Amino acid sequence: MNSEALWAQSAQQFQQIFGDSWTKAVQSFQSADLAGRTPGAAPLKFSPNKLQALQQQYLQDAQELWAQGLQTTPELKDRRFAGEGWASNPVAAFSAAAYLLNARTLMGLAEAVEADAKTRARIRFGVEQWMAAMAPSNFLAFNAEAQKKAIETKGESIAKGMQNLLHDITQGHVSMTDESLFEVGRNVATTEGAVVFENELFQLLEYKPLTAKVYERPFLLVPPCINKFYILDLQPENSLIRYAVEQGHRTFVVSWRNPDDSLGHKTWDDYVEDGVMAAIDVVQNITGAEQINALGFCVGGTILSNALAVLAARGDEPVASATFLTTLIDFTDTGILDVFIDENFVKFREMQMGKGGLMKGQDLASTFSFLRPNDLVWNYVVGNYLKGETPPPFDLLYWNSDSTNLPGPFYAWYLRNFYLENNLVQPGKLTVCGEKMDLTNLTLPVYIYGSREDHIVPINAAYASTQVLPGKKRFVMGASGHIAGVINPPAKGKRSHWIRADGKLPATLDQWLEGATEYPGSWWTDWSGWLKGHAGKQVAAPKAYGKGARFKAIEPAPGRYVKQKA
């Protein structure tokens with residue numbers, strides 16, 4: 001049989017497959033328990049108009065694809081199939097084009113479902129995971145680039161890929177960077193300082209002043225306990241910690257301990273009272289300041305808001321100003337993470353670990369990675385294992401792989417009271433450390449920052465804090481995502497940020513944007529100017545760390561706690 005006849009026979013088979021697959025796709029959607037739908041629930045229904053349009057488009061695109069045959073390489077507008085190996089292999093290019101067609105169609109079916117918003121979001125998420133996993137680029141038998149490299153290296157890339165796979169199985173996660181090139185305290189987290197206090201939950205780091213004078217109000221940073229603090233101190237040129245020190249602030253940072261089984265009983269109250277509130281008290285004791293300035297990042301900001309509300313309920317106001325970076329306080333909009341949260345899921349976690357145990361760091365890290373599966377999972381599966389490549393050194397991805405555990409009771413309580421029930425914004429609904437939470441009592445000035453493309457704390461959710469906190473507020477929106485938007489030093493001249501000159505904070509972000517102006521570069525300089533306005537006068541910088549025998553330097557920064565592995 002010649003090649004033309006063989007292709008004609010194959011094309012006929014493909015036509016039959018495409019025709020059948022439409023019916024099967026619709027049937028599978030209607031009957032499958034996709035993305036956590038209740039087993040036995042009624043079949044999904046579709047918008048008839050959307051379904052008809054999608055079917056017509058699918059059949060039209062399929063006809064065009066098989067009409068091209070192997071004579072014309074289809075244009076593949078997807079970076080997974082951008083290499084020369086795909087372009088020079090008509091069969092591989094055809095398989096990739098067929099996959100992309102099916103992926104578009106399945107996502108279209110997800111959009112055509114007639115259901116409540118949460119069900120539709122779960123279906124979209126499930127389909128995205130499925131399609132990301134089934135890409136032909138993920139399999140050596142179909143990946144033209146990996147095959148090409150295997151031939152060029154005479155099989156060496158396959159051998160190296162197996163070595164990489166065995167290495168990653170041993171370490172328990174997919175390598176996103178060459179982790180052997182990084183060491184905390186040696187080439188990440190290198191800003192000079194010392195541990196001046198520790199308890200079983202955290203170490204308090206004080207940093208060496210880089211100016212002859214410092215502001216009289218010290219500055220405390222509270223990072224998320226779901227990650228390690230050195231995202232704020234990766235390298236000298238992009239360290240928010242070093243930047244604060246350079247601006248003349250006497251800077252302290254909470255370094256959370258990576259919990260082991262001995263801390264598996266710790267609760268949200270423990271992190272508020274023995275964590276943030278203890279850190280505030282120690283900073284006051286060391287510096288002698290009546291008030292300090294504080295910053296909370298992500299979950300660290302949520303814990304900080306709780307600590308401030310507890311202190312306010314007790315008639316104490318030790319914090320003069322607060323900065324909240326990509327922080328959820330109003331949990332109405334939790335973005336893609338909402339697909340995981342419902343009563344059954346939370347009850348399961350409460351039964352599993354609500355009385356004790358650990359939420360493993362690797363499980364948390366995997367969840368966050370699969371929010372962007374092509375970029376943070378399959379990209380490395382292909383590179384590491386199919387092509388036998390060693391990922392390039394990247395400090396941010398090293399930090400991202402350095403996961404942390406969470407105490408089970410802390411995690412389960414957090415899920416129910418914030419993500420599921422959104423109790424923090426309901427005055428008097430929530431009790432923390434024996435005090436009724438009422439954020440309307442927090443009259444201190446606040447700086448609120450949100451990242452426009454953040455998938456962890458959606459920009460609308462970051463803005464929502466402006467409608468909850470009653471004090472004088474400044475809101476700034478930065479470009480990019482949860483990490484890249486925050487870690488954006490001025491010297492790089494990257495990205496941009498938005499500020500509203502009139503200071504008005506209308507009910508919605510869209511209304512705020514109508515009066516906002518975009519400025520090139522980092523938001524750090526705007527924040528620095530704001531913080532100086534709350535830092536008081538300048539005084540001589542301290543010559544030593546800590547204070548007296550009670551708060552003497554225990555060990556150099558970054559300390560022991562941050563080096564503990566999950």
Side-chain angles (χ1 to χ4, degrees), residues 176-179 181-193 205-211 219-224 226-249 251-256 295-298 300-301 323-327 368 375-376 391-402 404 447 449-457 462 476-497 519-532 556-559 562-563:
M176 296 183 178
T177 186
D178 188 347
E179 296 178 24
L181 299 178
F182 296 96
E183 181 183 347
V184 176
R186 180 177 64 84
N187 56 1
V188 290
T190 59
T191 299
E192 188 175 354
L205 310 179
E206 180 181 3
Y207 288 90
K208 182 179 180 180
L210 296 174
T211 53
F219 178 49
L220 173 66
L221 289 93
V222 182
I226 199 171
N227 297 115
K228 294 187 175 179
F229 84 87
Y230 65 90
I231 186 59
L232 301 170
D233 190 34
L234 287 173
Q235 303 292 334
E237 62 270 18
N238 67 355
S239 169
L240 183 61
I241 290 172
R242 184 179 178 87
Y243 180 78
V245 176
E246 289 174 339
Q247 302 306 304
H249 299 284
T251 302
F252 296 81
V253 173
V254 170
S255 173
W256 297 105
L295 176 150
F297 179 19
C298 189
T323 299
F324 294 105
L325 305 182
T326 60
T327 293
F368 284 108
D375 293 334
L376 296 179
F394 190 9
D395 53 6
L396 176 61
L397 291 178
Y398 173 77
W399 166 84
N400 192 58
S401 299
D402 194 3
T404 58
Y447 189 102
Y449 168 84
S451 291
R452 185 177 58 173
E453 287 92 32
D454 195 336
H455 64 295
I456 304 297
V457 179
V476 175
M477 182 178 77
S480 197
H482 190 67
I483 299 300
V486 172
I487 309 304
N488 183 28
K492 297 286 187 180
K494 288 186 175 181
R495 307 183 185 94
S496 59
H497 61 282
Y519 297 89
S522 174
W523 58 272
W524 288 16
T525 50
D526 178 78
W527 167 73
S528 177
W530 177 89
L531 184 61
K532 286 177 181 178
V562 73
K563 296 179 182 180

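This structure is a prediction, so every number in the text was calculated from the model and none was measured.
Considering all non-hydrogen atoms of both residues, Pro558 and Lys563 come closest at CG-CE, 4.3 Å. Of all non-hydrogen atoms in Pro392 and Thr177, the two that sit nearest each other are O-OG1, 2.7 Å. Across all their heavy atoms, Ser480 and Gly485 have their closest contact at CB-N, 3.9 Å. The shortest non-hydrogen separation linking Ala462 to Gly450 is CB-CA, 3.7 Å.
Listed by chain and number, the residues in a salt bridge (Lys or Arg N to Asp or Glu O under 4.0 Å) with Asp402 are Lys228, Lys565 (sequence neighbours excluded). With sequence neighbours excluded, no residue forms a ring pair (Phe, Tyr, Trp, His ring centres under 6.0 Å) with Phe324. Partners of Arg452 under the side-chain contact (heavy atoms from CB on, under 4.5 Å) rule, at least two apart in sequence or in another chain, are Met477, Ala479, Trp498. Residues passing the salt bridge (Lys or Arg N to Asp or Glu O under 4.0 Å) test with Arg495, sequence neighbours excluded: none. The ring pair (Phe, Tyr, Trp, His ring centres under 6.0 Å) test applied to Phe219 returns His249, Trp527, not counting sequence neighbours. Every residue meeting the ring pair (Phe, Tyr, Trp, His ring centres under 6.0 Å) condition with Tyr243, not counting sequence neighbours, appears here in chain and number order: Trp524. Legend: residues meeting side-chain contact (heavy atoms from CB on, under 4.5 Å) with Val245, ordered by chain and number and at least two apart, are Tyr207, Leu210, Thr251. Residues satisfying the ring pair (Phe, Tyr, Trp, His ring centres under 6.0 Å) test with Phe229, not counting sequence neighbours, are none. Taking the side-chain contact (heavy atoms from CB on, under 4.5 Å) definition, one finds that Leu376 meets it with Met176, Ser369, Arg372, sequence neighbours left out. For the salt bridge (Lys or Arg N to Asp or Glu O under 4.0 Å) test, residues two or more places apart in sequence or in another chain that qualify with Glu183 are Arg186. Annotation: side-chain contact (heavy atoms from CB on, under 4.5 Å) contacts of Thr190 (sequence neighbours excluded): Pro236. With sequence neighbours left out, the salt bridge (Lys or Arg N to Asp or Glu O under 4.0 Å) criterion links Asp526 to Arg474.
Not a single donor-acceptor pair under 3.5 Å links the side chain of Asp395 to the backbone N or O of Val188. Remark: side-chain polar atoms of Ser522 are paired, donor with acceptor, to backbone N or O of Asn488 under 3.5 angstrom. The closest donor-acceptor contact from the side chain of Ser451 to the backbone of Gly478 lies at 3.5 Å or more, if one exists at all. Here the side chain of Ser239 pairs a donor or acceptor atom with the backbone of Leu232 at under 3.5 angstrom. Put simply, the side chain of Asn187 gets close to the backbone of Leu181: a donor and an acceptor are under 3.5 Å apart. Remark: the backbone N or O of Thr211 is not paired with any side-chain donor or acceptor of Glu246 at under 3.5 angstrom.
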> Can you list the steps and then say if Trp523 with Leu325 is a side-chain contact (heavy atoms from CB on, under 4.5 Å)?
Replying inline: CA-CA 11 Å; Trp523 58 272; Leu325 305 182; 3.5 Å; yes
> Could you walk me through whether Ile456 and Thr326 pass the side-chain contact (heavy atoms from CB on, under 4.5 Å) check?
Replying inline: CA-CA 8 Å; Ile456 304 297; Thr326 60; over 6 Å; no
> Can you check side-chain contact (heavy atoms from CB on, under 4.5 Å) on Trp256 and Thr404, steps first, answer last?
Replying inline: CA-CA 9 Å; Trp256 297 105; Thr404 58; over 6 Å; no
>> Please evaluate residues Leu531 and Tyr447 with respect to the criterion side-chain contact (heavy atoms from CB on, under 4.5 Å), reporting the C-alpha separation (whole Å), side-chain torsions for both, the decisive distance (0.1 Å), and the verdict.
In response: CA-CA 9 Å; Leu531 184 61; Tyr447 189 102; over 6 Å; no
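No side-chain heavy atom of Val457 sits under 4.5 Å from any side-chain heavy atom of Thr327. Proximity of Tyr398 to Val184: side-chain heavy atoms (C-beta onward) are separated by under 4.5 Å at one or more points.
Remark: Ile483 CD1 to Ile231 CD1 distance equals 4.5 Å, nearest 0.5 Å. The distance from atom CD1 of Ile487 to atom CG of Leu396, rounded to the nearest 0.5 Å, is 8.5 Å. Note that the NZ atom of Lys494 and the CG atom of Asn238 stand 9.5 Å from one another [nearest 0.5 Å]. Taking CG of Leu221 as the start and OG of Ser255 as the end, the distance is 12.0 Å to the nearest 0.5 Å.
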